[in-house]
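What you are looking at is a predicted structure, and each value in this text was computed from that prediction instead of being measured.
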Protein chains: 2
Amino acid sequence: MSAKPPTSLDVAREAGVSQATVSYVLNDRQGVRISDETRARVLEAVDRLGYVPHAGARTLRTGHSGLVLVPLVDVPYGPLAVGLMEELDRELSRLGYTMIQYGARRLKGMAAARAWAELRPVAVLAPAGRLTRQSVDVLRSAGIKAVIGIGVVGWSSEIVSTMTLDHEGIGATAAEHLLARGSRTLTAIVPAEDGLRDMGLLRAAGVRRVAAARGVPYTRVDLAFSEAATAARLDMWRAVDTTGHARTKHGVFAYNDEYAMLLMAVLADNGFSVPGDVAVVGCDDLPLANLLRPRLTTVRLDVTTGPAMLAQTLDEIVRGGAAGQRRLALWSHALVERDST
Amino acid sequence: MSAKPPTSLDVAREAGVSQATVSYVLNDRQGVRISDETRARVLEAVDRLGYVPHAGARTLRTGHSGLVLVPLVDVPYGPLAVGLMEELDRELSRLGYTMIQYGARRLKGMAAARAWAELRPVAVLAPAGRLTRQSVDVLRSAGIKAVIGIGVVGWSSEIVSTMTLDHEGIGATAAEHLLARGSRTLTAIVPAEDGLRDMGLLRAAGVRRVAAARGVPYTRVDLAFSEAATAARLDMWRAVDTTGHARTKHGVFAYNDEYAMLLMAVLADNGFSVPGDVAVVGCDDLPLANLLRPRLTTVRLDVTTGPAMLAQTLDEIVRGGAAGQRRLALWSHALVERDST
DNA sequence: TTGTAGGCGTTATCAT
DNA sequence: ATGATAACGCCTACAA
């Protein structure tokens, strides 16, 4: 049925030239001039045979694969993450790399590192949390030039370059806005889910910082994504106006738009007014944010600048050899003001 | 700084054995008995040197890579798609394959096919829409055993095996439920977005089929994801009760939960009652479905059975050689009944 | 301008 | 049970 795939030697025979000539034509090597007629014959043969070079063989010979491995991060995949990947892919391919995403969930620690190393990528972008000292060693000794940790700043930043969102800045931006719109207390929601918790803590730290600077009461609420858990936390915002006191407006940064939606649903169910009693800020600017009533004020992350910078840095590290550890704080953000504050 | 990666020869020297012995130990080849002591020495050397086999070289030698290439599909990435990928990854690795996701957005047509073929994967799971006859030829002649189209049933199903959701069944399930809950007309929303439109049409066909069978008026609404576009279509459901007629309950299958949320927001803004005037069914059972008020009835897709079947089939095709075209209708679905109907 | 030949790291065949 | 050796497909220095 299907014979073995054609090799460059097959192409050479078909075109009546040598294997080297085929290689020259396909990689249009400089310093070697091929007659137009020969070139045409080669290309035609390539086409006729459906020849495609064997990446493995090329890697073996040249010593580099041009592969950039990106283990699928286990943060929730929203439009944001997809947009980032897309942009990163574009940038890397512009620089001549091939970006590949690799299932990271299945394997952990050393096993994962070995699986990645087998492919001899030129760079690995791994969730910072998954990088142990050992696994980084394995990656390094497999000849991977750039190991870049993505996500939360941690110990790993002393070993590899890291790219992170400015989570604290996001929390601070939200907090500043809440105060500007009249909130008298600040609360930061931290998701209880594993993958989100670390980022939640950083964002909460940003809120706390602003609260401290402005002398405003601050509360951190660790919250599972459920209506029951949320309802159990509502007392803190219950207005004390049975005594005729003026109502206090409370400000909440809900970590992201989904938690914000959860919160707003439960608040509405329990007779709270948004933003009258509680003002809410989300993050991500998902489509749903603008469909909530009131429409959700949210922090939008910029998707373009980050990947470009990252790709650029990666390229520099790869070309320049060992370039030490750099810390990249990427992605600017902006507040999208709507009605929930 | 970082020397070249250790090879199996380095390991052999370190352990004081031959290269072949290293290979035997690492792949624990049957029919060859290695003394426990030798085996231990080899494994220790592997560990000390941080040796990881070179996938490219192995592929070159053995003729197969064990790679399954999954171009990132350009449908919106929700929890569903992520869950599917995760599950598929698990199943494939159980069968000894390595699943890899490849940026598909950048390249189109032949260029994409060639890029995929370079890696000499054993199988490719590509969006059916991207597969042209030529590109399938290239993939085939590069020795790829299984080319499986994912997504909408189209011409390509005559060339490659295809895996698709039972979109029509989803629409039908939603429609049956709407009628059972008292809707007197049926409407199917079809997203105007490129990647979604084809699936939307299939789901709509399921709704139409049920409507025809039951003798109920059916309308298809092509809709862009915007409040303005949605508001412009509301007249069709405006109750004619100025004349005192009994109100007609209208049933809408909104394609997915996000469109359902869009619709419900606009309906509420314009004084419609859900489910009194209009009953709404979504699809995907996103977290947001249960946070809408009224809570959204939705069709949930089963994430487990599909990938397992797919991996199984893929394995059969790969092992059994050319196995003709099969059509796989995958993933069962179930209705999750809530308050919006 | 084009051809020849050697080697990248691995596995498998064939001796020992 | 273990070791030497060839071959996979490609690239490239060198020879012609």
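- Closest of all the heavy-atom pairs between A/P127 and A/P71 is CD-CB, 4.1 Å.
- Position along DNA chain D of the nearest nucleotide to B/T62 versus A/S23 favours B/T62 as the more 5'-ward residue.
- Look at NZ on B/K4: it is 10 Å from C1' on C/dG7, rounded to the nearest Å.
- Of the candidates C/dT1, D/dC10, D/dA13, the closest approach to any side-chain atom of A/S8 belongs to D/dC10.
- A salt bridge does not link B/R133 to B/D137: none of the charged side-chain nitrogens sits closer than 4.0 Å to a carboxylate oxygen.
- Distance from the side chain of B/T38 is smallest to D/dT2 among C/dT11, C/dT4, D/dT2.
- Residue B/A57 places its side chain closer to C/dT10 than to any other of D/dC10, C/dT4, C/dT10.
- Counting to the nearest Å, the P atom of C/dG9 and the CG atom of B/L26 are 16 Å from each other.
- As a whole-Å value, the separation of A/R33 CZ from C/dG3 P is 16 Å.
- Between B/H54 and A/T59 there is a side-chain heavy-atom pair separated by less than 4.5 Å.
- DNA chain C is contacted by both B/L60 and B/Y24; B/L60 maps to the nucleotide lying nearer its 5′ end (nearest heavy atom per residue).
- Counting any heavy atom pair closer than 4.0 Å across all strands shown, B/V17 reaches sugar-phosphate atoms only and no base atom.
- Residues A/V52 and B/S18 each lie close to DNA chain D; by heavy-atom proximity, the contact nearer the 5' end of the strand is made by B/S18.
- Donor-acceptor pairing under 3.5 Å is recorded for the side chains of A/D302 and A/T304.
- Spacing between atom CZ of B/R39 and atom P of D/dT2 amounts to 10 Å, rounded to whole angstrom units.
- Separating the CD atom of A/E118 from the P atom of C/dT10 is a distance of 10 Å, rounded to the nearest angstrom.
- If you check distances only, the side chain of B/R61 never reaches the base of C/dT10 with a donor-acceptor pair under 3.5 Å.
- To the nearest angstrom, C1' of D/dT2 lies 12 Å from CZ of B/R41.
- At whole-Å resolution of the value, NE2 in A/H54 and P in C/dG9 are 16 Å apart.
- Using a 4.0 Å cut-off between charged side-chain N and carboxylate O, B/R114 and B/E118 make no salt bridge.
- Side chain of B/S35, nearest nucleotide from C/dA12, D/dT2, D/dC11: D/dT2.
- One atom, CD of B/E37, and another, P of D/dT2, lie 9 Å apart when rounded to the nearest Å.
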